[in-house]
Enquirer: 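I'd like to ask some things about the structure below.
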2 protein chains.
Amino acid sequence: MPKSALRQQLNLSEAVEDYLKAIYQLHEAAQRAGETSARVTTTALAGALGVAPGSVTGMIKKLADDGLVNHRPYYGVDLTATGERLALEIVRHHRLLELYLTLVVGFGWDEVHEQADALEHAISEEFEDRIDSILGGPTVDPHGDPIPSKEGLLPEMVALPLSQCAPDAARALVIARVLTQATDLLRYLAGLGLVPGARIVLLGREPFDGPLHVRVVGDDDTPHAISFQVASLLSIAAPDPDTPH
Amino acid sequence: MPKSALRQQLNLSEAVEDYLKAIYQLHEAAQRAGETSARVTTTALAGALGVAPGSVTGMIKKLADDGLVNHRPYYGVDLTATGERLALEIVRHHRLLELYLTLVVGFGWDEVHEQADALEHAISEEFEDRIDSILGGPTVDPHGDPIPSKEGLLPEMVALPLSQCAPDAARALVIARVLTQATDLLRYLAGLGLVPGARIVLLGREPFDGPLHVRVVGDDDTPHAISFQVASLLSIAAPDPDTPH
DNA sequence: AAGCAGATTTTGGCATACCTCAATAGTAAC
DNA sequence: GTTACTATTGAGGTATGCCAAAATCTGCTT
Ligand SMILES: [Mn+2]
Ligand SMILES: [Mn+2]
Ligand SMILES: [Mn+2]
Ligand SMILES: [Mn+2]
């Protein structure tokens, strides 16, 4: 049996692929936010996809008929095993493409999201495999988002938002992931050196969810103040034993 | 004014792009075959696109309304200046992608046509520009098909089918272009070394449109016999002054 | 505890973009 | 002019979308 027979033979429409991906990502975001057993809501989907709620209900019914989601009317949807498998394939395409477009084609990390959104539906499984091997089997994309394996497994990431870290001038924290796709925000962060892999020191923080003071290690060492909001989008990797005090 | 404003703002559907490209290519093929002022026929389009003739009539009417083709009912279509400009953009995407997929990604010349057919609709103008510059502003694709410029101009190629060349054991001919996309045929030709840029000697030919005997210069010099049919798909470049007798 | 108000979801009617098939209309060649 | 193609038309299908009305849920007020 060939590689990803599933996607090939099911021949999903672009719309279906987008719905599955959006359901997956909304579910993931809810989990990250601590919601337990998060079903995805019709309005959330409508918002994410830029369509009317009525359109979502219609599509959800088709997805449920096709066995890709479980739908409890008025309570939201849930991916089935098959649905999640397919969603992860699209996510894999998207993230491999983002990395390829930055590393090989030379785009900035703020330019690749929209392009990957279009290309993720158009690349062949063979192209996917080539990208993967050209990049050496990468596990994260330019924003630090984990890339699902060909088999549909996600590297488990243990990470905490910077906004929840305690100041410690003696310990460097490593940015693992940046949870936004907004072009201007990405450019702002890159300007400060706040990108995945960067080591930063959390110098202090103002009370009442006020700004955080950070210094980027290896930079010109100027401290920067960033908003609580922005800090909550920066995922800090689990404490790095290689960098003690 | 930015680069290719046209395609961006018109936001053509994939179907429309495919129709325009097919009309352009059928027109081109007819011209190559010597037909004068060739309008493209409904059945020809239906055949090329794999749809029913009735579907073609319907789409043609929309394209005519949008000013992309001229339609003389019962006589066929013709691209308008705008339509041809757009068709050339799609062709440019297609051929740049084919070359990129072979040269950079490592696919064989027999594997890239279908992939380019899907990707040509999905790449951004920026990606197009990057591919062009990564490849150094190429003028022909892996099959020797000319790549339209960003401005929509085609390098004029003077070429003659090998099937119409006179044998001349003392003169090397250069293959400029291979006029097929059939996977198995492309593999056969590559196996014989009959690819664009190859120098060959036409040793002789059997009468009644029979096989042609050719030798590939720099090969193991074994002569090969190829059918008249296949020879008619090989375009020979205008006589090369660098390679006398 | 019941019920009401507001928000959310679904439904039903309709639109657009393509597509097919079969019937009709037009063209061209003998 | 009849005939054999070829093209167009018309009826109807699927996929997706929107809008507005009806249904349902939920939390707040009493
Ligand atoms: Mn998408
Ligand atoms: Mn990403
Ligand atoms: Mn295409
Ligand atoms: Mn080609």
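Bear in mind that the values here come from a model prediction, so they are computed numbers and not experimental data. Order of the sequence lines fixes the chain letters, A, B, ..., with proteins taken first and strands second; residue numbering starts at 1 for each chain.
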Enquirer: For the pair made of CD in B:Glu17 and P in C:dC18, what is the distance, rounded to whole Å?
Expert: 11 Å

Enquirer: What's the closest nucleotide to the side chain of B:Tyr19 if the choices are C:dC19, D:dA23, D:dA15?
Expert: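 Closest of the options to the side chain of B:Tyr19: C:dC19.
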
Enquirer: Rounded to whole Å, how long is the line connecting atom NZ of B:Lys61 with atom C1' of D:dA7?
Expert: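 So the two atoms are 11 Å apart, to the nearest Å.
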
Enquirer: Nearest whole Å is fine: how far is D:dA15 C1' from A:Leu63 CG?
Expert: 12 Å

Enquirer: Let me know the distance between NE2 of B:His71 and C1' of C:dG26, rounded to the nearest Å.
Expert: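 Spelled out: NE2 on B:His71 to C1' on C:dG26 is 12 Å.
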
Enquirer: Mind listing the closest non-hydrogen atom pair of B:Pro138 and B:Leu96 along with its distance?
Expert: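 For B:Pro138 and B:Leu96, the tightest heavy-atom pair comes out as CG-CD2, 3.8 Å.
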
Enquirer: Nearest to the side chain of B:Thr41, which nucleotide is it out of C:dT9, D:dA7, D:dT8?
Expert: D:dA7

Enquirer: A:Leu20 has an atom CG; how far is it from atom P of D:dT16, in whole Å?
Expert: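 Between P of D:dT16 and CG of A:Leu20: 11 Å.
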
Enquirer: Kindly determine whether A:Lys150 and A:Asp129 satisfy salt bridge (Lys or Arg N to Asp or Glu O under 4.0 Å), including the steps that lead there.
Expert: CA-CA 9 Å; A:Lys150 191 83 184 161; A:Asp129 294 345; 2.9 Å; yes

Enquirer: Please assess B:His94 against B:Asp141 for the test side-chain hydrogen bond (donor to acceptor under 3.5 Å, both in side chains), listing each intermediate value before the final yes or no.
Expert: CA-CA 9 Å; B:His94 185 97; B:Asp141 82 359; 5.9 Å; no

Enquirer: Within less than 4.0 Å of OP1 or OP2 of D:dT26, is there a side-chain N or O belonging to A:Tyr75?
Expert: yes

Enquirer: When the distance from NZ of B:Lys62 to P of C:dA15 is rounded to whole Å, what number comes out?
Expert: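 Rounding to the nearest Å, NZ of B:Lys62 and P of C:dA15 are 18 Å apart.
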
Enquirer: Quick check on salt bridge (Lys or Arg N to Asp or Glu O under 4.0 Å): which of A:Glu128, A:Glu151, A:Glu120, A:Glu125 does A:Arg92 satisfy it with?
Expert: A:Glu128

Enquirer: Short of 4.0 Å, heavy atom to strand atom, which residues of residues 43-59 of chain A count as contacting DNA chain C?
Expert: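 Those residues whose heavy atoms fall under 4.0 Å from DNA chain C, taken from residues 43-59 of chain A in numerical order, are A:Thr43, A:Pro53, A:Gly54, A:Thr57.
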
Enquirer: Quantified as the angle between the terminal helix axes (five pairs each), what is the overall bend of the helix from C:dA1-D:dT30 to C:dC30-D:dG1 to 10 degrees?
Expert: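 Taking five pairs per end, the axes differ by 20°.
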
Enquirer: Distance check needed: C:dT9 C1' versus A:Ile60 CD1, whole Å only.
Expert: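 Answer to the nearest Å: 10 Å.
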
Enquirer: Flag the pair A:Leu101 / A:Gln115 as yes when at least one side-chain heavy-atom distance between them is below 4.5 Å, and no otherwise.
Expert: yes

Enquirer: For A:Gln229, does the CD atom have more than 12 heavy-atom neighbours from other residues, nucleotides or ligands under 6.0 Å away?
Expert: no

Enquirer: Looking at the side chain of B:Thr42, which of D:dA7, C:dA17, D:dT16 is the nearest nucleotide?
Expert: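 Of D:dA7, C:dA17, D:dT16, D:dA7 is nearest to the side chain of B:Thr42.
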
Enquirer: Among A:Glu98, A:His113, A:Arg177, whose side chain to side chain donor-acceptor pair (under 3.5 Å) with A:His143 holds?
Expert: A:Glu98

Enquirer: Is there a side-chain contact (heavy atoms from CB on, under 4.5 Å) between B:Val112 and B:Tyr100 once you walk through the steps?
Expert: CA-CA 9 Å; B:Val112 293; B:Tyr100 184 82; over 6 Å; no

Enquirer: Quick test of your reading of the model: are B:Glu17 and B:Lys21 salt-bridged, counting only N-O distances below 4.0 Å?
Expert: no

Enquirer: I need the CG-P distance between B:Asp18 and C:dA17, as an integer number of Å.
Expert: 17 Å

